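Here's the structure we're looking at; comments come further down.
A, B, ... follow the sequence lines: proteins, then strands. Residue 1 opens every chain. Keep in mind that what you see is a predicted model, and the values were worked out from it rather than measured.
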Number of protein chains: 2
Amino acid sequence: MPKVGMEPVRRKALVDAAMRVIGDHGSLTVTMSEIAKQAGVSPALAHHYFGSKEQLLIETVRVHLQRLRDSVVTALRTAKTPREKLSAIIRVCFQADQFAPETIAAWLAFYAEAQRSEETRRFLVIYARRLHSNLVANLKALCPAGDAGRIAEGAAAMIDGLYIRQGLGSAPISTEASIALTEDYLTIHLNSLKG
Amino acid sequence: MPKVGMEPVRRKALVDAAMRVIGDHGSLTVTMSEIAKQAGVSPALAHHYFGSKEQLLIETVRVHLQRLRDSVVTALRTAKTPREKLSAIIRVCFQADQFAPETIAAWLAFYAEAQRSEETRRFLVIYARRLHSNLVANLKALCPAGDAGRIAEGAAAMIDGLYIRQGLGSAPISTEASIALTEDYLTIHLNSLKG
DNA sequence: TTTTATTGATTGATCAGTCAATCAAAAATA
DNA sequence: TATTTTTGATTGACTGATCAATCAATAAAA
């Protein structure tokens, strides 16, 4: 049913389909056919709109990080004090959809892809920097600037680490436990500076 | 120059070659030809000894984890007190060869692969459990058992997280800084329980 | 002579990417 | 309003490349 103005609809459908396929597949080694089938269109159409598989995958990473960013921005708005903002950031990182098995699988795949794709790495670096600077900005209100950088580094590492370990599915850590571990890290380190 | 008794030699050469190729490639999407060429033999020989590409890759993961394990065992022997043993474990995780870019790339590739390959996941789960239980065993001498589990979980997450972030190459954290962050985590958490 | 090591050549499958053709809506024209 | 032209959407069929896996043949030890 060829109507006009399908482009944005198809692009979104294909990116969403890619996320889903990457998710269950657990890797970026997916075929255009799979993605197209999942989106309910022909592989040729996917090429028509994205030019190449690589471009589609890059766009998928971009959209994924964009969504996460939006969540953070929203969450930060509702929080008032710096300490509340720190908690809000942590909560977003572990909120349900981010912690879903397919999402984690996709994250891992993206990280692995970043070793090869310059553009994927660029996106992930931006994400990593933003997380770090969000943390630092709020930590600075609670401790000396030097300590803020160090604590932020540790907290970011812990968040990423909890992700990767969750992805393994060995130690089934709950969302709440993950949040608690990260909160604990912040609280104790901030306290130790006061004392 | 066909001599007898080449099997173990070739197997080792192929596994080492696989690690190297996976390392610079930054992914498990490598060809048997690449690996074989790196090992200086024909692709057919790689199939002869390993049966399939999957088997060769699985063996590569296994050997990789085995080596890490040996390092830990050695390091634990030289340490005496529980606190020293904890430091020894951390040091091994971040020792030079583990922190080399190609090694980190290989690790990431393995984690991603674990989403698909049951056997790879099994190996990584064993590694994760061993790290956790090594930490717990020594922490128990320094704090209540319940806290030991929690702190070990956090430390393990931090180690894995520092890895993954190092792999991104965004924030070039030094080996020493990574060790310091993890040590700090343990020290402060242990202290906070005493106080 | 039997066994082990080794490879070149080949096969079959998979896949990204291309292209020409089709179909239907929209726009232009009569 | 009716008819024609244009344009965007869409696909089936095809191509060329890549690659895992196989196998028959060779060469050197035992």
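Atom C1' of nucleotide C/dG8 and atom NZ of B/Lys37 are separated by 16 Å, given to the nearest angstrom. Following rounding to the nearest Å, B/His25 (NE2) and D/dC19 (C1') show an atom-to-atom distance of 13 Å. Here the P atom of nucleotide D/dT18 and the CD atom of B/Glu34 are 12 Å apart, to the nearest Å. For the pair B/His47 NE2 and D/dC23 P, the interatomic distance rounds to 12 Å; values are reported in whole Å. As rounded to whole Å, 8 Å separates atom C1' of D/dT10 from atom OH of A/Tyr49. Distance CG (A/Leu45) to P (D/dT10): 5 Å, rounded to an integer number of Å. In this structure, the CG atom of B/Leu14 is 10 Å from the P atom of C/dT6, given to the nearest Å. Atom pair A/Met6:CE and C/dA25:C1' shows a separation of 12 Å (rounding to whole Å applied).
B/Phe50 comes within contact range of no nucleotide atom at all, as no heavy-atom separation falls under 4.0 Å. As judged by a 4.0 angstrom heavy-atom cut-off over every strand, B/Ser42 is placed among the base-contacting residues. Residue B/Val9 is classed as having no contact, given no heavy-atom separation below 4.0 Å to the nucleic acid.
Of the candidates D/dG12, C/dG8, D/dT10, C/dG8 carries the atom nearest the B/Ala44 side chain, counting heavy atoms from C-beta on. Counting only heavy atoms from C-beta on, B/Lys53 has its side chain closest to D/dA21 among D/dA21, C/dA16, C/dT18.
Comparing A/Glu54 and B/Pro43 against DNA chain C, the residue whose closest nucleotide sits nearer the 5' end is B/Pro43. Annotation: of the two residues near DNA chain C, A/Thr31 and A/Gly51, the 5′-most nearest-nucleotide partner is A/Thr31.
Annotation: cation-pi pair B/Arg69/B/Tyr127 absent, no NZ/CZ under 6.0 Å from the ring centroid and within 45° of its normal.
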- Stepwise side chain to side chain donor-acceptor pair (under 3.5 Å) check, A/Gln115 with B/Ser27: CA-CA 7 Å; A/Gln115 303 293 313; B/Ser27 132; over 6 Å; no

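Salt-bridge annotation for B/Arg122 and B/Glu118: absent, with no side-chain N of the basic residue lying under 4.0 Å from a carboxylate O of the acidic one.
In this structure, B/Arg10 reaches the C/dT6 phosphate: one of its side-chain N or O atoms is under 4.0 Å from OP1 or OP2.
In this structure, A/Thr60 contributes its side chain and A/Ala18 its backbone to no donor-acceptor pair below 3.5 Å.
Proximity of the aromatic rings of B/Trp107 and A/Tyr111 is defined here by a centroid distance below 6.0 angstrom, and this criterion is not met.
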